[in-house]
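Let me give you the structure first, and then I'll get to my questions.
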Amino acid sequence: MRLYGLFIKNCLIAQMEFRGNFMMSLIVESVYLLAKLLYVLVVFRTDLHVDGIPPEGLLLFIGMHTVMTGIYVGVFFTNFMKIPEYIKDGSLDLMLTKPVSLQFMASLRYVDLALPIPDILVGFVMIGIGWHAMDIPLTFLQLAGFGLLLFIGVIITYCLMIIPALLSFWFVQTGSVSEIAHSVWDANNFPMAIYPAWVRRIGTFVIPLFLITNFGPMFLLGQLNWLYGGLALTASLVLFAVVRLLWNQAVKGYSSASS
Amino acid sequence: MNRRKLYTAVFSMGVQHSMEYRVHFFLGLIGAMFPILVQYFIWTAVYQHSGQDALFSYSYGQIIMYTILAGLVSKLIATQFEHQIADDIKNGGLNKYLIKPISYFGYRLISFFGQKAIYYGITVMLLVGIIWFAASGGVLKVEAVRLVLFAITLWGALLLNFLIAYCICASAFYLHEISYFFVITSLLVNILSGGMFPLEIFGDSVVKALQYTPFPYTIYFPVNVLSGKTEVAAMYQGLLIQCGWIVLFFLLSRFAWHVSMKKYSAVGG
């Protein structure tokens with residue numbers, strides 16, 4: 001944990017060195033956010049109700065997705081993009097020798113502090129508006145449940161989005177796989193109720209994509225029973241164990257490309 | 001080597017370049033499918049809920065058509081050479097073009113068309129399938145004149161988008177760190193061109209205002225020519241305006257590059 005704190009500090013120092021780039025990152029992510037807000041525009045202009053949830057309630061879902069996108073681009077994205085590079089140029093060798101868990105080092109070393117700012121800010125504002133508009137009581141239980149589901153979402157995000165990077169242990173060029181992963185990611189922007197049942201089943205039980213940002217708002221709206229909450233927790237733990245195993249398996253096959 | 005031979009060689013280089021990453025290209029197509037699918041489900045939910053026949057002046061069939069076609073067209077006209085040009089300017093790769101008997105503009109344009117030739121073919125095949133499917137479902141009335149005009153405007157869109165991007169590239173002479181800049185401009189241009197949603201969602205006044213910009217003539221206009229939303233008279237008028245923008249941006253890009261080139265100091269090489 002202390003080491004992770006040091007990583008964050010180090011990244012902050014590095015980013016502050018190039019403040020212009022920091023500002024540019026902010027602007028880039030804001031433009032992406034703007035593109036996402038177009039969906040909000042459509043929702044409000046058409047007064048879309050999904051499963052009886054009014055537009056303001058849908059903000060909970062869109063807001064949660066935006067927050068999660070912020071966390072993903074801030075904490076994971078840079079690292080996952082770098083893993084294929086480490087493998088290609090052999091800099092993973094050096095990491096192997098360090099007295100820290102290799103997976104921790106390779107997948108969490110960098111933290112981008114600029115990219116998540118607009119997403120997390122606007123995301124929480126949207127959640128706030130939705131929370132208020134849907135008359136959801138602001139109790140400890142609600143907050144704790146929402147926080148826990150957010151945390152579960154982060155773990156599942158880590159497990160799912162690292163898969164393209166893991167594939168690069170076996171295949172060199174995986175850029176297009178992560179491109180697909182990113183476009184699937186945005187399917188979460190809306191409540192899963194808009195998708196047909198078979199898509200929902202795949203997204204919940206096969207690739208638990210909808211667990212990431214659908215369960216939090218569903219919990220707040222009282223659509224989620226404890227069974228599903230428990231299922232989400234178990235799924236995230238199992239998934240993490242599987243990714244851990246996969247990682248170990250992948251490293252065993254690593255043949256150290258160059259250097 | 002005469003000019004024709006030279007540019008044929010550049011064209012075929014472009015074609016070969018695009019075929020270099022076949023798997024990447026096809027995976028890219030799959031990647032482009034997902035946003036279309038997500039939008040399909042969103043629009044389905046929107047129309048089911050509202051119970052109205054038309055929203056933003058589009059019927060359900062038309063909006064799905066628009067989403068699919070806009071996705072395809074924006075993939076087709078997407079430019080990917082900005083980073084190469086910026087790299088050429090920054091690291092001096094431009095030098096070798098300056099001393100060779102070939103214009104950099106011509107080289108980039110022909111190689112861009114070469115790279116897009118295969119994409120164009122595949123897009124046409126997909127379009128034939130979509131048009132056939134939509135026509136048999138009664139969403140689309142196939143009219144020969146619209147098909148011809150669509151094919152023409154699609155080439156126009158390709159050329160116009162190239163010119164817009166080429167103009168934007170001239171800023172690489174003045175800015176040092178440019179990759180972020182291209183991300184922003186390409187996304188903004190895509191939104192304003194109607195690549196994500198039909199422009200009508202922004203409201204009538206915005207649609208009207210955008211008619212005075214070149215952006216709708218890259219995606220929004222060709223798609224609506226095909227889908228039958230644009231009136232016949234407006235089609236020819238639009239085609240003329242598209243040509244006007246192409247000429248204007250051609251002159252603008254020549255001018256911008258001519259001015260910027262004076263600043264070029266040919267570092268490295």
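Please read these numbers as outputs of a predicted model, since none were measured by experiment. So that the names make sense, note that chain A is the first sequence line, chain B the second, and so on, each numbered from 1.
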Between A:A193, A:A35, A:A187, A:S25, who has the most heavy-atom pairs with chain B when the cutoff is under 4.5 Å?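 Most heavy-atom pairs within the cutoff with chain B belong to A:A35.
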I need the A:L48 CG to B:I42 CD1 distance, nearest 0.5 Å.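 Those atoms lie 8.5 Å apart.
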State, to 0.1 Å, how close A:R45 and B:F202 come at their nearest heavy-atom pair, and which atoms those are.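 Where A:R45 meets B:F202 most closely, the heavy atoms are NH1-C, 3.5 Å.
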Would you say that more than 12 heavy atoms from the other residues, nucleotides or ligands in this model lie under 6.0 Å from the OH of B:Y40, or not?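 For B:Y40, atom OH is not crowded (no more than 12 foreign heavy atoms under 6.0 Å).
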Between B:F41 and A:F190, is the gap from one ring center to the other below 6.0 Å?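 No, the ring centres sit 6.0 Å or more apart.
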Take atom OH in B:Y174; do more than 12 heavy atoms of anything else shown fall under 6.0 Å from it?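 Yes, because the 6.0 Å sphere around OH of B:Y174 holds more than 12 heavy atoms from other groups.
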Any side-chain heavy atom of B:F34 sitting closer than 4.5 Å to one from A:D186?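 A side-chain contact under 4.5 Å is absent here.
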Would you indicate whether A:M81, at its atom CE, is surrounded by more than 12 heavy atoms from other residues, nucleotides or ligands within a distance under 6.0 Å?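 More than 12 heavy atoms, drawn from other residues, nucleotides or ligands, come within 6.0 Å of this atom.
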Steps toward side-chain contact (heavy atoms from CB on, under 4.5 Å) verdict (A:I27, B:I184): CA-CA 8 Å; A:I27 298 173; B:I184 298 172; 3.6 Å; yes
Answer yes or no: are there more than 12 heavy-atom neighbours, outside A:D47 itself, under 6.0 Å from its atom CG?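 More than 12 within 6.0 Å, yes.
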Tell me whether the count of non-hydrogen atoms from other residues, nucleotides or ligands lying under 6.0 Å of NE2 in B:H83 goes above 12.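 Count over threshold, so yes.
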Does a sphere of radius 6.0 Å around CZ in B:F133 hold more than 12 heavy atoms from other residues, nucleotides or ligands, not counting ones at 6.0 Å or beyond?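 No, not enclosed.
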Which bit of B:V46 is near chain A, if near means a heavy-atom gap under 4.5 Å: side chain, backbone, both or neither?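 When you check distances to chain A, atoms from both the backbone and side chain of B:V46 fall under 4.5 Å.
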Is the closest side-chain heavy-atom distance between A:L38 and B:M196 below 4.5 Å?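 Counting from C-beta outward, A:L38 and B:M196 do come under 4.5 Å.
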Using 0.5 Å steps for rounding, measure from the CD1 atom of B:I201 to the OG1 atom of A:T46.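 So the gap between those two atoms works out to 9.5 Å.
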So does A:I202 have more than 12 non-hydrogen atoms from other groups sitting under 6.0 Å from CD1?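 Counting other residues, nucleotides and ligands, CD1 of A:I202 exceeds 12 neighbours.
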Rounded to the nearest 0.5 Å, how far apart are CD1 of A:I194 and NE2 of B:H49?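 These two atoms lie 13.5 Å from each other.
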Among the listed options B:I191, B:L37, B:L187, B:V183, the residue most often paired with chain A at heavy-atom distances under 4.5 Å: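 Heavy-atom pair counts peak at B:L187.
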Please look at A:L41 and chain B and tell me whether the side chain, the backbone, both or neither of the residue comes under 4.5 angstrom of a heavy atom of that chain.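 Side chain of A:L41 only, per the 4.5 Å heavy-atom cut-off to chain B.
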Rounded to the nearest 0.5 Å, how far does NE2 of A:H49 lie from CD of B:Q48?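 Going from CD on B:Q48 over to NE2 on A:H49, the span is 15.0 Å.
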Quick check on B:Y47 against chain A: is it the side chain, the backbone, both or neither that has a heavy atom closer than 4.5 Å?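 For B:Y47, no heavy atom lies under 4.5 Å from chain A.
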If you measure from CZ on B:F181 to CE on A:M24, what distance do you get to the nearest 0.5 Å?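 Reported value, rounded in 0.5 Å steps: 7.0 Å.
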